[in-house]
Amino acid sequence: TNERNYLDHPSIYYWLLARLGPTLEGHPDTVLFYRLVNIALVAIGLAGWMAIGIVLRLPRLKLYAYILPLACIPVLATLAGTVTNDNMAFAGSGIAALATLQLLITRNPVWLLTALLGVIIASWAKFPPLLQTGGLVGGVLLWMLWQRRLDWRWIGPIAVAALIAGAPY
């Protein structure tokens, strides 16, 4: 619609879904497409968060203790089947968290770009995920700077990503 979004966050998520998917008006059965997209977003986020335990090579019992609560988040199944920008935020946060850990371990710039992409995805869903994922990635980058582990060539991509992530606000 041309009505302004009453919520205080960008409608990029809904705009993308509207461009990618079939028309809902007059075709209520097409909501399945949108639900499947949202289930995929939650699966991406959940996989990212769960993979952290694998990357850390946790012993089997600790890995189960880490993964089981994630898999049993009470609202996750309901949220996944709902068409909501929260799922995009969850996907972005999972991507950012896993990539940030990998960046700390490997210092490979591909993981930096992946972490920044996760921040952008999460931030374009809502403002609070920008604060959360941006805070996580930013905090790690500040720590890396303090430890003299931050490559100066990364400053450009970090600045561009910060501008893109904050653009809707």
Side-chain angles (χ1 to χ4, degrees), residues 1-21 34 37-58 66-67 70 73 75-76 79-80 82-169:
T1 69
N2 290 330
E3 292 294 319
R4 205 170 139 74
N5 191 341
Y6 70 93
L7 298 172
D8 192 21
H9 50 73
S11 56
I12 295 168
Y13 164 82
Y14 299 105
W15 180 86
L16 280 172
L17 278 186
R19 298 302 174 271
L20 294 174
Y34 297 102
V37 167
N38 278 268
I39 289 169
L41 287 171
V42 168
I44 290 167
L46 193 58
W49 283 107
M50 288 182 168
I52 289 172
I54 295 167
V55 169
L56 290 174
R57 300 175 201 251
L58 295 175
Y66 173 72
I67 288 179
L70 288 172
I73 296 172
V75 73
L76 198 57
L79 193 61
T82 305
V83 180
T84 176
N85 55 356
D86 292 318
N87 295 326
M88 184 169 151
F90 188 66
S93 74
I95 292 167
L98 175 61
T100 301
L101 174 64
Q102 291 283 31
L103 177 64
L104 277 172
I105 294 169
T106 67
R107 293 190 60 204
N108 186 329
V110 169
W111 290 114
L112 170 71
L113 297 176
T114 306
L116 296 174
L117 178 64
V119 171
I120 292 168
I121 290 169
S123 73
W124 280 17
K126 291 181 168 185
F127 186 65
L130 168 61
L131 298 177
Q132 294 159 344
T133 58
L136 169 73
V137 174
V140 168
L141 292 174
L142 284 174
W143 180 84
M144 290 178 77
L145 178 65
W146 182 54
Q147 295 292 314
R148 302 194 193 299
R149 294 180 60 197
L150 187 73
D151 190 328
W152 64 270
R153 293 174 293 180
W154 295 357
I155 302 300
I158 293 167
V160 169
L163 290 172
I164 293 170
Y169 309 101

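Note that this is a predicted model, so its numbers are computed, not measured.
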Novice: From L113 CG over to I158 CD1, what is the distance, rounded to the nearest 0.5 angstrom?
Specialist: 9.5 Å
Novice: If we ignore hydrogens and angles and just use 3.5 Å, is the side chain of T106 paired with the main-chain N or O of N108 as donor and acceptor?
Specialist: yes
Novice: Do L17 and V37 pass the side-chain contact (heavy atoms from CB on, under 4.5 Å) test, and can you show the C-alpha distance, the side-chain angles, and the key distance before you say yes or no?
Specialist: CA-CA 9 Å; L17 278 186; V37 167; 3.7 Å; yes
Novice: Can you name the nearest heavy-atom pair linking A91 to L41, along with the distance?
Specialist: CB-O, 3.3 Å
Novice: Could you list the residues that satisfy side chain to side chain contact (heavy atoms under 4.5 Å, CB included) with W143, not counting sequence neighbours?
Specialist: L104, W146, Q147, R149
Novice: Looking at W124 and M88, what are the two nearest heavy atoms and their distance?
Specialist: CB-CE, 3.8 Å
Novice: Mind checking what makes salt bridge (Lys or Arg N to Asp or Glu O under 4.0 Å) contact with R153, not counting sequence neighbours?
Specialist: D151
Novice: Drop me the distance from I164's CD1 to L116's CG, to the nearest 0.5 angstrom.
Specialist: 9.5 Å
Novice: Using the side-chain contact (heavy atoms from CB on, under 4.5 Å) rule, pick out the option among V75, V42, L79 that qualifies with D86.
Specialist: L79
Novice: Test side-chain contact (heavy atoms from CB on, under 4.5 Å) on T114 and V110 and set out the steps.
Specialist: CA-CA 6 Å; T114 306; V110 169; 4.2 Å; yes
Novice: Could you measure the distance from the CG atom of L101 to the CG atom of L56? Nearest 0.5 Å is fine.
Specialist: 5.0 Å
Novice: Which residues pass the side chain to side chain contact (heavy atoms under 4.5 Å, CB included) test with Q132, sequence neighbours left out?
Specialist: P129
Novice: Taking atom CG of L117 and atom CH2 of W111, what is their separation to the nearest 0.5 Å?
Specialist: 12.0 Å
Novice: Does P109 have any side chain to side chain contact (heavy atoms under 4.5 Å, CB included) partners at least two apart in sequence or in another chain, and if so, which?
Specialist: W154
Novice: State, yes or no, whether a side-chain contact exists between Y14 and T84 at a heavy-atom distance under 4.5 Å.
Specialist: yes
Novice: Do you know which two heavy atoms are closest between L136 and A97, and how far apart they sit?
Specialist: CD2-CA, 3.8 Å
Novice: Would you give the length of the straight line joining atom CG of L112 to atom CG of L141, rounded to the nearest 0.5 angstrom?
Specialist: 6.0 Å
Novice: What pairs with S93 under side chain to side chain donor-acceptor pair (under 3.5 Å), at least two apart in sequence or on another chain?
Specialist: W49
Novice: Minimum heavy-atom separation for A96 and V119, please, with both atom names.
Specialist: CB-N, 4.1 Å
Novice: Identify the two heavy atoms, one from M50 and one from Y66, that lie closest to each other, and give their separation to 0.1 Å.
Specialist: O-CE2, 4.0 Å
Novice: Using modelled atom types only, decide if a donor and an acceptor are shared between the side chain of Y34 and the backbone of A18 within a distance under 3.5 Å.
Specialist: no
Novice: How close do L98 and G48 get, heavy atom to heavy atom, and via which atoms?
Specialist: CB-O, 3.7 Å
Novice: Hey, what do you get for CG (L131) to OH (Y169), rounding to the nearest 0.5 Å?
Specialist: 8.5 Å
Novice: Looking at residues at least two apart in the chain, or sitting in another chain, which of them share a side chain to side chain donor-acceptor pair (under 3.5 Å) with N38?
Specialist: Y13, N87
